[in-house]
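Only one structure is covered here, and it is reproduced in the block below.
Proteins come first, then strands; the chains are lettered A, B, ... in the order of their sequence lines, and each starts at number 1. On a predicted model such as this, the values are computed, not experimentally measured, just so you know.
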There are 2 protein chains.
Amino acid sequence: MEDRHEAPVQPATHAKVRILDTANRLFYNEGVHSVGIDRIIAEAGVTKTTLYKYYRSKELLTVSYLQLRDNYVRDIVARLQAQTEDPIERLHLLVEAIAGEAEKPDFRGCPFINATAQFSDPQHPVRLAIAEHRRWYSEQVEQMFRNAGHPDPVQARDDFFLARDGAYASANLGDPATATAALRRMTGRLIGQASGGQASGGDSEA
Amino acid sequence: MEDRHEAPVQPATHAKVRILDTANRLFYNEGVHSVGIDRIIAEAGVTKTTLYKYYRSKELLTVSYLQLRDNYVRDIVARLQAQTEDPIERLHLLVEAIAGEAEKPDFRGCPFINATAQFSDPQHPVRLAIAEHRRWYSEQVEQMFRNAGHPDPVQARDDFFLARDGAYASANLGDPATATAALRRMTGRLIGQASGGQASGGDSEA
DNA sequence: GCATGGGCAGACAGATCTGTCTGCCCCCAT
DNA sequence: ATGGGGGCAGACAGATCTGTCTGCCCATGC
């Protein structure tokens with residue numbers, strides 16, 4: 001049986017969190033459209049009534065799932081910003097966070113890219129949540145490069161995003177270590193442009 | 001052979017092609033799991049019997065869809081290889097083909113990356129088709145860099161893939177022109193490493 | 001000790017999706 | 001002209017998915 005004596009004290013963080021965590025795991029691992037509500041409630045140990053009480057529809061649950069993912073990333077960025085004031089160091093930490101994520105054995109690609117593949121309408125709430133996440137993320141990266149004194153922070157931001165998206169996709173479809181190695185090469189060069197000041201062709205690596 | 005007795009009045013054998021074309025369009029635009037068989041037969045102007053005669057299941061139709069996409073890419077590569085013997089020029093043509101695709105208004109991301117997001121089991125026939133496509137593609141790019149005399153064709157291939165996957169993802173989720181600009185910067189640098197850094201020139205292998 | 005209320009549980013309903021079955025029509029050969 | 005065959009057409013069946021409805025249990029207030 002289940003432990004049912006843990007709930008009464010805090011009803012807010014009771015079944016609601018369990019549902020979202022389960023949805024997060026299943027939606028991410030198997031895809032939103034491949035996972036039914038029945039699977040979620042079964043593995044979360046709740047019933048439909050409970051799920052539909054907290055999340056009025058699967059669509060809203062999906063949006064909540066992506067918002068949870070969004071919060072993950074925001075926490076990571078906030079943490080690395082608290083870790084150091086040096087913008088160069090922050091960029092390196094961000095790259096390592098991305099690489100570490102992509103190398104985890106249960107990595108299944110970027111949840112936002114994956115969700116985009118499943119919701120084609122750009123005006124769908126899911127897509128709006130994704131767009132907002134990327135807008136915020138883009139701003140963060142650009143600001144980091146700007147603070148690092150990169151000569152063209154906008155371009156660096158675009159290159160960084162290219163490398164990040166590519167690393168996520170390549171790590172998922174191919175070999176993660178290969179993908180993260182390429183990610184580190186690319187971002188290392190970008191960050192080097194910031195610290196060095198002058199870009200000029202050719203990365204001088206060991 | 002095939003269009004021997006189907007040609008006359010009704011494009012009979014065209015039904016098979018029409019189905020695949022429609023599946024291609026709908027699966028690509030809206031996602032495999034979001035499109036039902038009913039949609040496909042309606043827009044292809046055929047009935048279920050016809051569809052299930054040529055493609056025994058939706059799964060096989062999905063595999064056929066990805067094989068069609070695979071053939072697209074192979075045709076592109078074959079065409080640019082027929083266009084010039086210069087490996088550098090071939091790489092540039094490949095980049096432009098990728099960029100041109102990503103900038104098309106109906107671009108919806110890489111069909112293989114999108115399909116991966118919807119089929120989580122790596123042993124699924126769909127995933128096997130994807131893996132085979134990427135294996136082939138990877139080999140082609142590596143060979144191009146090798147023929148171009150790049151000092152590290154394997155690394156260049158990995159970087160190229162990172163840029164390609166990133167460009168597809170970024171073009172789909174964000175601004176295509178921004179993504180392709182970053183793609184051209186990255187690949188231009190890679191190709192420049194090949195033309196500039198001549199490594200033991202003159203090795204011509206099969 | 002008893003009534004009350006809120007959240008939990010499983011059964012239920014409507015819609016949709018994949019895949020099948022039987023009849024019909026057109027084309028071709030004789 | 002006529003018989004045969006193959007592909008086309010829509011109805012049908014089983015399964016699944018989302019979302020709803022009605023009891024039940026436990027914690028709390030008097």
With ring-ring contact (aromatic ring centres under 6.0 Å, His included) as the rule and sequence neighbours excluded, what pairs involving residues 67-94 of chain A come up? none

Contact list for residues 111-135 of chain B, test ring-ring contact (aromatic ring centres under 6.0 Å, His included), sequence neighbours left out: B:His33-B:Phe119, B:Phe112-B:His133, B:Phe119-B:His124, B:His133-B:Tyr137

Mind checking what makes side-chain contact (heavy atoms from CB on, under 4.5 Å) contact with A:Pro122, not counting sequence neighbours?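 Once residues adjacent in sequence are excluded, the partners of A:Pro122 under the side-chain contact (heavy atoms from CB on, under 4.5 Å) criterion are A:Arg127.
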
Among all residues two or more places apart in sequence or in another chain, which pass the side-chain contact (heavy atoms from CB on, under 4.5 Å) test with B:Gln81? B:Val77, B:Arg90, B:Gln140, B:Met144

Atom pairs under 3.5 Å, N or O on each side, protein against nucleotides 14-17 of chain C: can you list them with distances?
none

Would you mind reading off the distance between [X] atom [atom1] and [N] atom [atom2], rounded to a whole angstrom?
X       : N      : atom1 : atom2 : value
B:Tyr52 : D:dA11 : OH    : P     : 17 Å
A:Arg56 : D:dT18 : CZ    : P     : 17 Å
B:Lys53 : C:dG19 : NZ    : P     : 17 Å
B:Leu51 : D:dG7  : CG    : P     : 15 Å

Nearest to the side chain of B:Thr49, heavy atoms from C-beta on, is which of C:dC8, D:dC8, D:dG19?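 Selected nucleotide: D:dC8.
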
Per B:Ser57 side chain, nearest of listed nucleotides D:dG19, C:dG19, D:dC8: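 Among the listed nucleotides, the one closest to the side chain of B:Ser57 is C:dG19.
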
Taken in chain and number order and not counting sequence neighbours, the residues that satisfy salt bridge (charged side-chain N to carboxylate O under 4.0 Å, His left out) with B:Asp38 are B:Lys48

Among side-chain atoms of A:Gln143 and A:Asn147, is any donor-acceptor pair under 3.5 angstrom? yes

Salt bridge (Lys or Arg N to Asp or Glu O under 4.0 Å) contacts in which one or both residues fall within residues 97-124 of chain B, not counting sequence neighbours: B:Glu103-B:Arg184

Sequence-distant partners of A:Asp21, side-chain hydrogen bond (donor to acceptor under 3.5 Å, both in side chains), two or more places apart: none

Among residues 39-48 of chain A, which residues get a heavy atom nearer than 4.0 Å to DNA chain C? A:Gly45, A:Val46, A:Thr47

